[in-house]
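Contents: one structure, followed by commentary.
Residue indices begin at 1 and follow the sequence shown. Computed over heavy atoms, backbone and side chain alike; hydrogens, waters and symmetry mates excluded. When a ligand or atom number is given, it counts from 1 through the structure's own listing order.
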Amino acid sequence: MTAKPAHLNFGETNVELPVIDAAIGPSVVDIGKLYAKTGLFTYDPGFTSTAACESAITYIDGDQGVLLYRGYPIEQLAEHGDFLETCYLLLNGKLPTVAEKEDFVGRVTHHTMIHEQMSRFFQGFRRDAHPMAVMVGCVGALSAFYHDSLDIEDPYQRMVASIRMIAKMPTIAAHAYKYTIGQPFIYPTNSLDYTTNFLKMCFAVPCEEYKPNPVLSRALDRIFILHADHEQNASTSTVRLAGSSGANPFACIAAGIACLWGPAHGGANEAALKMLEEIGTVDRIPHFIAKAKDKNDPFRLMGFGHRVYKNYDPRAKIMQKTCHEVLKELGIKDDPLLDVAMELERIALSDPYFIEKKLYPNIDFYSGITLKALGFPTSMFTVLFALARTVGWIAQWAEMIQDPAQKIGRPRQIYTGPTQRDYVPITARR
Ligand code: CMC
């Protein structure tokens, strides 16, 4: 604690509040003792100015458009690294050596199968269930299958649970997809890398040989890197809040998946693609821009805007490049959706409404087009986000468990309901 304290005057009381400096980014006023000293709570819906924890995992500078995982810029990791290396980095705080990486990849690879009983668990869902609904159920159900990694006080069990989730998430996601389209589940292939194995489990069928495409595998692997963590967003905060009660890691990650599903968060990639399809042609863009600007119209440009980024989302730039690479590899020269997206981006970025509100494309703007080109239906987009974000959730959960300052999350409120009143017998009520 090096910074000068802050002072709050309230009536006759002057309270000194410690200020804690961050390694980079804004310092924070420690208000932990505010209620004890003044009887006041603070009010900050949506946590727009409130830090809920200390974290050494991910840093975002929303004004500059910077995203660092453990200090490394996202651009460098996406260009030179791979997803499992990024997982190791997020979990362990350092990039692995050759031997460490080999060991980590080996452990993940040998945990990719799911309990056979669990494969049958899928049959209980309706065929038309949204795969995110299946994910919430199946990931939560992992805690019913892996009893030997539920003790959150045991570092070894925490590590095993982490490896299991990173390893099994592609298998569960691919099963969720196969189930909805009525095709047989494809078992993992340990000779393939993480992402190619996932693509195979999604797109292979038993009657044909599956031929991996390294360009597409690399593109999806990069998409996974981009989604791996994003500091204290809604789903990560959900995981931390669930974990703060001592709930087991599988249950916490299932809670994160449920939160991610919403269209303001992970569901935005699905919503962005649906919006581009609804716009359909470039000449209809002005109509939708006008709707987005109309205060009386709830319509928003999906894939635009971000709580933290008030500049171009650095992930969106990489995603745009990846999108072009995927379309080129697949020989898609004229994708009308891409035309609409690029023109929409151009118009929005020169429109005073979007400029003044600092609304830039976010990661979800181009991810939908890319994932669609890779062959995924829109309902799977958020599932892929969940798959990739699992490592971030686990890293944040593990950091919280080991934080000596950790206590159960328990926000306060401003009560606005009736004050105390007496029960009235039903016959006497008006
Ligand atoms: N289109 C039109 N206007 C917008 C948009 C948009 N996409 N986003 C924000 N605004 C306006 C909003 O109407 C408000 O205007 P005013 O100040 O006049 O009331 C102003 O910009 C600030 O918006 P806000 O809702 O207070 O900002 P927020 O930080 O609470 O919301 C957001 C952030 C991402 C939920 C929001 O920008 C949004 O709904 N975007 C569309 C959904 C989307 O793309 N979500 C993906 C986020 S990135 C992936 C992830 O992290 O999950």
Residue and atom name of the nearest protein heavy atom (relative to [atom]), distance in Å to one decimal:
| atom | answer |
| --- | --- |
| atom 1 (N) of ligand 1 | Leu301 N, 3.1 Å |
| atom 19 (O) of ligand 1 | Lys295 NZ, 3.1 Å |
| atom 52 (O) of ligand 1 | His265 ND1, 2.5 Å |
| atom 34 (C) of ligand 1 | Gly305 O, 3.7 Å |
| atom 51 (O) of ligand 1 | His306 NE2, 3.5 Å |
| atom 40 (N) of ligand 1 | Phe304 O, 2.9 Å |

Run down the list [options] and name the one with the heavy atom closest to [atom].
| atom | options | result |
| --- | --- | --- |
| atom 33 (C) of ligand 1 | Arg307, Lys291, Arg300 | Arg307 |
| atom 42 (C) of ligand 1 | Met302, Glu356, His227, Met275 | Met302 |
| atom 35 (C) of ligand 1 | Ala268, Ala264, Gly267 | Ala264 |

Practice problem: Answer yes or no: does an N/O atom from His230 fall short of 3.5 Å to an N/O atom of ligand 1? | Solution: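 Min N/O separation from ligand 1 is not below 3.5 Å for His230.
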
Counting heavy atoms only, which part of [X] comes closer than 4.0 Å to ligand 1: side chain, backbone, both or neither?
| X | result |
| --- | --- |
| Tyr353 | side chain |
| Lys357 | side chain |
| Leu359 | side chain |

With heavy-atom distances below 4.0 Å as the criterion, list the atoms of ligand 1 near [X].
| X | result |
| --- | --- |
| Gly303 | 43 (C), 44 (O) |
| Asp364 | 46 (C), 48 (S), 49 (C) |
| Ala292 | 2 (C) |
| Gly266 | 52 (O) |

So CG of Leu216 and OG1 of Thr195: to nearest 0.5 Å the spacing works out to 11.5 Å

Evaluate the 4.0 Å heavy atom contact test for [atom]: does a protein atom fall under the cut-off?
| atom | answer |
| --- | --- |
| atom 21 (O) of ligand 1 | yes |
| atom 47 (C) of ligand 1 | yes |
| atom 26 (O) of ligand 1 | no |

Taking [atom1] in [X] as the centre, count heavy atoms belonging to other residues, nucleotides or ligands within less than 6.0 Å. Is the count above 12?
| X | atom1 | value |
| --- | --- | --- |
| Glu54 | CD | no |
| Tyr187 | OH | no |
| Phe299 | CZ | yes |
| Lys358 | NZ | no |
| Arg127 | CZ | yes |

- Check for a donor-acceptor pair, side chain of Asp30 on one end and backbone N or O of Pro18 on the other, with a separation under 3.5 Å. no

TODO: Output yes when Asp82 and Lys101 qualify as a salt bridge under the 4.0 Å nitrogen-oxygen rule, no when they do not.
DONE: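 A salt bridge links Asp82 with Lys101.
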
ring-ring contact (aromatic ring centres under 6.0 Å, His included) filter on Tyr210, not counting sequence neighbours, yields none

Residue from Tyr59, Trp393, Tyr309, Phe385 passing ring pair (Phe, Tyr, Trp, His ring centres under 6.0 Å) with His230: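 The option that passes is Tyr309.
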
### Message
Is it true that Ser55 and Glu399 share a donor-acceptor pair across their side chains at a distance under 3.5 Å?
### Response
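Glu399 vs Ser55: donor-acceptor pair found between side chains.
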
(Q) Before you tell me yes or no, could you show the steps for Glu278 and Lys274 under salt bridge (charged side-chain N to carboxylate O under 4.0 Å, His left out), namely the whole-Å CA-CA distance, both residues' side-chain angles and the distance that decides it to 0.1 Å? (A) CA-CA 6 Å; Glu278 195 190 344; Lys274 282 185 180 152; over 6 Å; no

Counterpart residues, side-chain contact (heavy atoms from CB on, under 4.5 Å), relative to Lys372 (two or more places apart)
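Residues passing side-chain contact (heavy atoms from CB on, under 4.5 Å) with Lys372: Leu273, Glu277, Leu337, Phe381.
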
Is it true that Phe299 lies under 4.0 Å from ligand 1, counting heavy atoms only? no

